[in-house]
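See below for the structure under consideration.
Computation of the quantities below employed the complete heavy-atom set of this structure, encompassing side-chain atoms and omitting hydrogens, waters and symmetry-equivalent molecules.
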Amino acid sequence: MKKKTILGFLFFIILFTSFTYFNSLGSSLKDVTKVENFILKDYNGKSHSLSDYEKSKAIVIMFIATECPVSNAYNTRMEKLYETYKDKEVAFLGINSNKQESVEDIKNHAKEHSFRFPILKDKNNIIADKFEASVTPEIYVLNSNFEVMYHGRIDNSRNESEVSSKDLDNALNEILNGKKVTNQRTKAFGCTIKRV
Amino acid sequence: MRGSFFLYIILFLILHGCSDHNKVKDAKNDNGGNETYNVRTIDVAGLEEIIDNREGKILFINVWATWCVPCVEEFPDVVRIANDYEDKNFEIITLNTDQVSDIESKVIPFLKKNKVEFPVYIVEDKNSQEMIELLNKDWSGAIPVTIIYDEAGKQQSFMLGAHDYHYFKKSIDSVLTL
């Protein structure tokens with residue numbers, strides 16, 4: 001009886017500890033490895049399907065924002081990346097999933113920063129949920145099977161003069177050279193995507 | 001055996017519900033209430049040292065930035081937590097993710113406005129990935145985030161997004177009573 005009581009007590013302690021920890025980790029995120037096709041409209045009302053870009057050598061999906069200072073620190077670099085890779089069969093799609101940023105806001109922001117890549121409005125953050133994207137800017141590079149080849153940051157500094165690791169650039173170069181991406185997952189602090 | 005079962009249930013409820021009766025210990029910090037704000041940079045080794053050096057206290061870490069609207073909104077509740085737990089087995093630090101060039105112009109005025117007396121460290125971009133990995137391998141880096149380590153330096157709570165005073169209090173109390 002005494003042994004059973006001790007075992008029961010130990011079981012309780014383990015249960016209590018697990019409950020406290022996992023309860024707090026309920027919202028942690030895991031990386032997705034593949035996404036399904038989706039259709040979203042850009043700020044001009046034109047529909048874009050992911051399958052429209054399946055013949056590209058790589059599809060760069062960029063979760064971005066109009067009001068996030070971290071995302072905005074990369075406006076010029078995003079446009080430069082588009083310019084560098086547009087003729088190398090790399091497609092670029094911006095996605096805005098923030099509930100408080102309207103189609104009109106996105107259109108004005110794109111115009112202000114002379115973005116030439118499409119920016120799609122993800123109403124009700126459905127696509128952000130499918131990617132499990134949580135931050136802006138957050139980049140996913142897909143192959144023609146919509147498998148994630150690279151996920152993470154554009155580079156390692158908001159201040160362009162301090163960049164020492166051009167992570168997205170490196171990943172795209174490796175993909176275009178038929179190599180496996182060396183650094184497939186990177187991270188940086190950013191703004192939380194504001195969900196409904 | 002049935003009696004033992006009910007004993008465990010009662011013990012569980014007590015541990016979760018009655019959490020204000022903690023040992024009183026001094027939890028003064030570096031800034032000690034003066035008007036000089038010293039925002040220092042910190043890397044992974046520095047943070048690991050703080051996490052490991054518990055001296056019987058739990059550690060509450062809030063990750064924030066002045067550019068992050070939900071961080072700014074929850075910050076007064078973080079300050080209130082710091083004040084209310086000052087005399088408990090409790091240590092608080094915050095990790096700021098503004099740019100170092102914004103310390104004087106943005107971070108310190110914000111700290112003054114909020115009458116902050118706890119240590120504030122700034123994480124440089126070059127260290128951000130390692131810092132994110134240290135704090136939680138499943139975390140993308142979206143802020144705000146608040147983390148609680150127990151007095152053995154083991155992470156017990158990882159709270160993604162903004163939370164209020166009562167949520168923080170409940171989480172702290174559950175770790176203090178472990």
Side-chain angles (χ1 to χ4, degrees), chain A residues 1-2 4-13 15-17 19-31 63 67-73 100 131-138 151-153 155-159 162-165 167 183 185-195, chain B residues 1 3-5 7-9 11-12 15-16 63-71 95-102 106 123-133 135-148 150 154-162 170-171 174-175 177-178:
Chain A
M1 184 62 195
K2 195 178 173 186
K4 277 185 179 173
T5 307
I6 291 167
L7 283 171
F9 187 74
L10 284 173
F11 174 75
F12 161 77
I13 292 295
L15 185 74
F16 177 79
T17 308
F19 174 83
T20 307
Y21 189 63
F22 288 110
N23 191 32
S24 65
L25 285 183
S27 55
S28 71
L29 302 163
K30 295 284 180 192
D31 288 347
F63 285 90
E67 293 175 359
C68 169
V70 185
S71 185
N72 279 328
Q100 82 281 16
F131 277 85
E132 295 184 2
S134 60
V135 63
T136 57
E138 186 168 3
H151 173 200
R153 63 194 184 190
D155 58 40
N156 70 340
S157 181
R158 284 166 285 181
N159 186 342
E162 292 174 6
V163 171
S164 60
S165 182
D167 305 290
N183 201 1
R185 182 69 171 108
T186 58
K187 294 179 180 181
F189 292 113
C191 309
T192 304
I193 292 175
K194 311 296 182 304
R195 288 173 147 82
Chain B
M1 194 61 203
S4 299
F5 175 75
L7 185 67
Y8 301 141
I9 294 293
L11 189 55
F12 185 87
L15 282 170
H16 262 284
V63 189
W64 67 285
T66 61
W67 48 258
C68 162
V69 175
C71 304
L95 301 176
N96 174 274
T97 63
D98 282 79
Q99 300 205 65
V100 173
S101 56
D102 291 332
K106 292 178 182 172
V123 182
E124 293 171 280
D125 278 5
K126 65 180 181 183
N127 295 320
S128 63
Q129 173 155 301
E130 278 185 306
M131 202 62 94
I132 292 164
E133 290 287 313
L135 293 171
N136 190 320
K137 291 191 185 308
D138 293 333
W139 176 33
S140 67
I143 59 169
V145 146
T146 304
I147 304 144
I148 304 174
D150 65 20
K154 183 171 184 282
Q155 191 177 115
Q156 293 292 351
S157 183
F158 185 87
M159 294 169 271
L160 196 60
K170 193 179 164 192
S171 303
S174 72
V175 176
T177 52
L178 275 178

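- In plain terms, the two heavy atoms of A:R195 and A:S134 that are nearest each other are NH1-CA, 4.0 Å.
- The part of B:D98 that comes within reach of chain A is its backbone (N, CA, C, O), which places non-hydrogen atoms under 4.5 angstrom from that chain.
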Please walk me through it: do A:S164 and A:N156 pass side-chain hydrogen bond (donor to acceptor under 3.5 Å, both in side chains)? CA-CA 7 Å; A:S164 60; A:N156 70 340; 2.7 Å; yes
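- For A:A73 against A:R158, the heavy-atom pair with the smallest separation is CB-O, 4.0 Å.
- When heavy atoms are compared at a cutoff of 4.5 Å, A:V163 does not approach chain B at all.
- Of the residues considered (A:G190, A:C68, A:P69), A:G190 shows the highest number of contacts with chain B, using heavy-atom pairs under 4.5 Å.
- Considering only heavy-atom pairs separated by less than 4.5 Å from chain A, the leading option among B:V145, B:V123, B:V63, B:T97 is B:T97.
- Between A:R153 atom CZ and A:F189 atom CZ the span is 11.0 Å, to the nearest 0.5 Å.
- No more than 12 heavy-atom neighbours from other residues, nucleotides or ligands sit within 6.0 angstrom of NZ on B:K106.
- Only the side chain of B:E133 comes within less than 4.5 Å of a heavy atom in chain A; its backbone stays farther off.
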